[in-house]
Amino acid sequence: MFSSGGKERQIESYHVPVMLEKVMHYLSPESGQVFVDATVGGGGHLRMLLDAVAPKGMVIGLDKDRDAIKETASKLGNNGLRLFRRDFGEVEQVLGRLGIEGVNGILADLGISSHQVDTPRRGFSFNLDGPLDMRMDRESEGPTAADLVANLPAHDLARIFREFGEEPGAVRAARAIVKARRVKPILTTKDLALLLASVLHRPGGTRHPATRCFQALRIAVNHELESLQTFLDSLPRVLLPGGTAVVISYHSLEDRMVKTAFNRLEGKCTCPPGLPECVCGARRIGNILTKKVVRPDPEEVTRNRRSRSARLRAFKRAVRDRRN
Ligand SMILES: C[S@@+](CC[C@H](N)C(=O)[O-])C[C@H]1O[C@@H](n2cnc3c(N)ncnc32)[C@H](O)[C@@H]1O
């Protein structure tokens with residue numbers, strides 16, 4: 001369904017939406033309803049939502065990246081669609097500004113789009129040479145990956161590589177960066193990729209040795225875990241009774257955060273053992289729809305290799321439930 005027609009081809013070339021049918025199955029949008037797509041990207045998921053809620057419904061789309069908003073606005077127009085260049089951690093504020101009390105469903109398809117990875121000047125890819133930027137929101141004043149690599153002490157770099165990248169050679173990589181930057185600034189993706197490859201190369205490894213460190217820097221530059229936590233915390237206030245949240249993550253840390261948040265919304269305490277009372281805020285307001293994490297089918301992975309690490313979880317707010 002996505003390979004015919006001019007508009008569909010444009011959407012595919014920007015980013016191929018992952019687990020499209022499964023997303024639609026869990027969100028089950030109906031005509032007249034209101035949805036949020038918290039990560040517009042190339043608008044693939046959003047387009048399906050928009051078609052399903054037409055003609056009277058609405059989709060509110062958010063993305064930090066101006067390219068994604070411009071691309072999707074030019075492809076899908078503004079019929080039933082409101083687009084905002086905002087962090088999804090601000091979804092409550094965006095809805096408040098629109099006077100919308102809650103939505104029937106919300107999708108967050110985390111990470112970065114193919115367009116972002118494949119555009120060298122964005123600096124996300126270790127395979128394409130470009131400035132070491134990695135900001136999703138280039139209007140932000142925040143530091144780029146080059147700034148972190150130039151200024152952070154070795155122990156902070158090592159912590160980022162270990163915590164966000166689960167890189168076993170985190171200390172080695174951090175020390176190599178600190179040593180190299182004394183001689184010459186590390187300004188490009190190629191500079192960093194070559195340096196990391198020289199210290200992290202594992203014989204027989206199937207991935208580029210810089211994969212985990214690049215991912216970790218991206219997460220740090222964009223404060224991805226903080227935004228995700230704020231977004232997950234806002235779900236009880238954003239979802240209408242009967243509304244569904246679907247989150248697709250590509251990283252085990254993110255998936256763990258989603259799993260924990262959904263468990264709490266199902267009333268399961270996630271406090272560490274031994275605490276005298278529950279402090280995690282668990283309160284049952286609905287049910288997890290995905291008892292086991294949902295992965296793409298092998299055919300999808302063959303068609304779209306970038307879907308291979310995707311993990312989908314869905315939560316449905318109970319129909320009869322007093323909202324906060
Ligand atoms: C995997 S892509 C989404 C693809 C989209 N579902 C599609 O069908 O084309 C992830 C998108 O989320 C955006 N993004 C990541 N973190 C964000 C955040 N905290 N707030 C808003 N957008 C974010 C990225 O800029 C990127 O465009």
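For clarity, every value in this text was computed on a predicted model and none was experimentally measured. When a ligand or atom number is given, it counts from 1 through the structure's own listing order.
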In this structure, does ligand 1 have an atom that sits under 4.0 Å from one of the heavy atoms of [X]?
{"X": "L110", "value": "yes"}
{"X": "Q116", "value": "yes"}
{"X": "R86", "value": "yes"}
{"X": "L107", "value": "no"}

### Query
Can you tell which of D37, I112, D63 gets a heavy atom nearest to atom 27 (O) of ligand 1?
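Closest candidate by heavy-atom distance is D63.
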### Query
Out of P17, G111, G43, G41, whose heavy atom sits nearest atom 10 (C) of ligand 1?
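Among P17, G111, G43, G41, the closest heavy atom to atom 10 (C) of ligand 1 comes from G111.
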#### Entry: Option passing side-chain contact (heavy atoms from CB on, under 4.5 Å) with V294 (candidates L289, V246, L312)
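Of L289, V246, L312, side-chain contact (heavy atoms from CB on, under 4.5 Å) with V294 is met by L312 alone.
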### Task
List for me each residue that meets side-chain hydrogen bond (donor to acceptor under 3.5 Å, both in side chains) alongside D137, sequence neighbours excluded, and say none if there are none.
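D137 satisfies side-chain hydrogen bond (donor to acceptor under 3.5 Å, both in side chains) with R85 once adjacent residues are dropped.
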### Query
Is there a nitrogen or oxygen of Y250 sitting under 3.5 Å from a nitrogen or oxygen of ligand 1?
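There is no such contact.
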### Query
So is F88 polar-close to ligand 1, meaning N/O to N/O under 3.5 Å?
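Such a contact does occur with ligand 1.
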### Query
Taking the hydrophobic residues Ile, Leu, Val, Met, Phe, Trp and Tyr, and joining any pair whose side-chain heavy atoms are under 4.5 Å apart, which ones share a cluster with V279?
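Answer for V279: L275.
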### Query
Which atom pair, heavy atoms only, marks the closest approach of Y250 to R306?
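Nearest pair, atom of Y250 first, then R306: CE2-O, 4.2 Å.
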### Message
Counting only heavy atoms closer than 4.0 Å, does ligand 1 sit against the backbone of H45, its side chain, both, or neither?
### Response
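Both backbone and side chain of H45 come within 4.0 Å of ligand 1.
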### Query
Are T144 and M134 close enough, and set up right, to give a side-chain contact (heavy atoms from CB on, under 4.5 Å), and what steps lead you there?
CA-CA 6 Å; T144 62; M134 296 199 193; over 6 Å; no
### Task
Could you tell me whether K184 atom NZ has more than 12 heavy atoms of other residues or ligands within 6.0 Å of it?
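For K184, atom NZ is not crowded (no more than 12 foreign heavy atoms under 6.0 Å).
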